[in-house]
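Take this structure, written in structure tokens, and hold onto it; I'll ask about it next.
Residue numbers begin at 1 in each chain, while the letters A, B, ... track the order of the sequences. Quick note: numbers below take in every heavy atom, side chains included, and nothing from hydrogens, waters or symmetry partners.
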Number of protein chains: 2
Amino acid sequence: MRPREFDHDDVLRVAFDQFWRKGVRGTSLSDIARDAGVQRGSLYNAFGSKEALFLQAYERYAADYLLVLQKALGAGSLRKRLSAFFDLTITNFRSGSPPRGCPTTRGLMELGPAEGDGLDEEARQAFASLISRITALVQDTLSAGAERGEFSGSPAAAALHIIPVTRGLAVLERAFGDEAQLRKIASHTIDLVLGKGTR
Amino acid sequence: MRPREFDHDDVLRVAFDQFWRKGVRGTSLSDIARDAGVQRGSLYNAFGSKEALFLQAYERYAADYLLVLQKALGAGSLRKRLSAFFDLTITNFRSGSPPRGCPTTRGLMELGPAEGDGLDEEARQAFASLISRITALVQDTLSAGAERGEFSGSPAAAALHIIPVTRGLAVLERAFGDEAQLRKIASHTIDLVLGKGTR
DNA sequence: AGGGTATTTGACACGACGTCAAGAATGTGT
DNA sequence: ACACATTCTTGACGTCGTGTCAAATACCCT
């Protein structure tokens, strides 16, 4: 066996950085190869295809991101936890300059189920999986809050409400790029869920 | 002058149908040309570029969609109007088989601000414009409801809350394809905004 | 009828994805 | 120590998509 001349994880990191900044369709394997100091053909040999490379890079990101979220949601009052959740969400897709947006949301729209290529069903599942896990995390947080008397509604219903808001924030970020607006919506949503509504 | 051999609007309709089903990046001008019975070069001559063609087709869609929305939001109690709004939203991106999703959300992620090409700022503006107009429409609906005593909160704040939810629904539609879930979230959001929260 | 003008048409350049065969470098068995 | 098998690397190739250009074409107008 001939050994690899590059580090598998390094390539994954370089690749995801590009995918995040320029989108999957907007990033060519030549770009990644140049940036990683690897020949394009080696990428095909090691990962199989552009989509497979993206998926591996994305799974890495998703696992890391979940850990960060989990840590941030583990302390403080329920309000503080929800606040931290939204803050992390917004900070995540306002990172970089220009802001890189939400890779999950963007990926879903770029690679999700398409007519013809039945291939990207696997991609859809990867994105859906991260969203599901985040939903579960938020729901657990709400449940814990309910047990401590900080919340008196249905954790499942509330989580099912919070998640689409965060997905919507990702869309609005890209449409308007107005971080203050995002934070306003986030804080308003927390108020609504916790019971200090628009009334 | 030599007259056009095809109908400008026909091409726009055919093009948007393809863009909607397969995404902008996933639709080639050859596809559109074949489907419209036009030579590819003629499209470049008439519209300039793929993105310009998409933008014209999208503006047509946006104008039509706004009219439909406006009509649907014009009658009934506030609750009925909001319900009609969400229903139309969901029905819109559950249309077709497989469901075509939300062209605005997908377009934003496919064509929004990207590193390098400063060109698609125009596209971003088109998407943002539709979202803004829908926001204004919802806000007006809430204001009218407030005057009639059906709502006692801030129309601006409530609209700013409802819109990201609809954007989030577009994302979840693509991630899970579960229409029942979307409708559940919608009805829950109405309850929250109108004051029957999770409490 | 004829000239000007815009449209059509096909060829071309370029870049991207993906495949393939041939070359190169290492571990392994004798 | 040497040869072999196995994997990685490298460059060439095919295909498809975007966009440009010049030549051919068909119509309107005078």
Salt-bridge contact B:Arg183-B:Asp178 (side-chain N to carboxylate O under 4.0 Å):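 No.
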
Plane angle bin for A:Tyr58 and A:Tyr61 - parallel if under 30°, tilted between 30 and 60°, otherwise perpendicular: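 Plane angle between 30° and 60°, so tilted.
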
B:Leu53 side chain reached by B:Phe16 side chain, heavy atoms, under 4.5 Å: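 They are not in contact (no side-chain heavy atoms under 4.5 Å apart), so the answer is no.
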
Contact boundaries on DNA chain C for chain B, cut-off under 4.0 Å to non-hydrogen atoms: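 Listed 5' to 3', the contact boundaries are C:dG4 to C:dG10.
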
Contact under 4.0 Å: A:Ser42 side-chain N or O vs D:dT9 OP1/OP2: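 For D:dT9, OP1 or OP2 has a side-chain N or O of A:Ser42 closer than 4.0 Å.
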
B:Leu82 and B:Leu194, any side-chain heavy atoms less than 4.5 Å apart: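 The answer is yes, as the side chains (C-beta and beyond) meet within the 4.5 Å cut-off.
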
Mutual orientation of the aromatic rings belonging to B:Phe54 and B:Phe19 [parallel < 30°, tilted 30-60°, perpendicular > 60°]: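 It falls in the perpendicular class, over 60°.
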
Sugar-phosphate, base or nothing in reach of B:Ser28, heavy atoms under 4.0 Å: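 Touches sugar-phosphate only.
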
Interatomic distance where NZ belongs to B:Lys50 and C1' belongs to D:dT18 [whole Å]: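 Distance check: B:Lys50 NZ to D:dT18 C1' gives 8 Å.
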
DNA chain C: 5'-proximal contact among B:Met1 and B:Gly41 (nearest heavy atom):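 Nearest nucleotide further toward 5': that of B:Met1.
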
hbond_proxy B:Arg2 side chain to D:dC27 base (donor-acceptor, 3.5 Å cutoff):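 For B:Arg2, whose side chain was compared with the base of D:dC27, there is no donor-acceptor pair (under 3.5 Å).
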
Distance, rounded to the nearest Å, where B:Leu53 contributes CG and D:dT18 contributes C1':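 Value for this atom pair: 13 Å.
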
B:Asp17/B:Arg21 ion pair, N-O < 4.0 Å: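 Yes, B:Asp17 and B:Arg21 are salt-bridged.
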
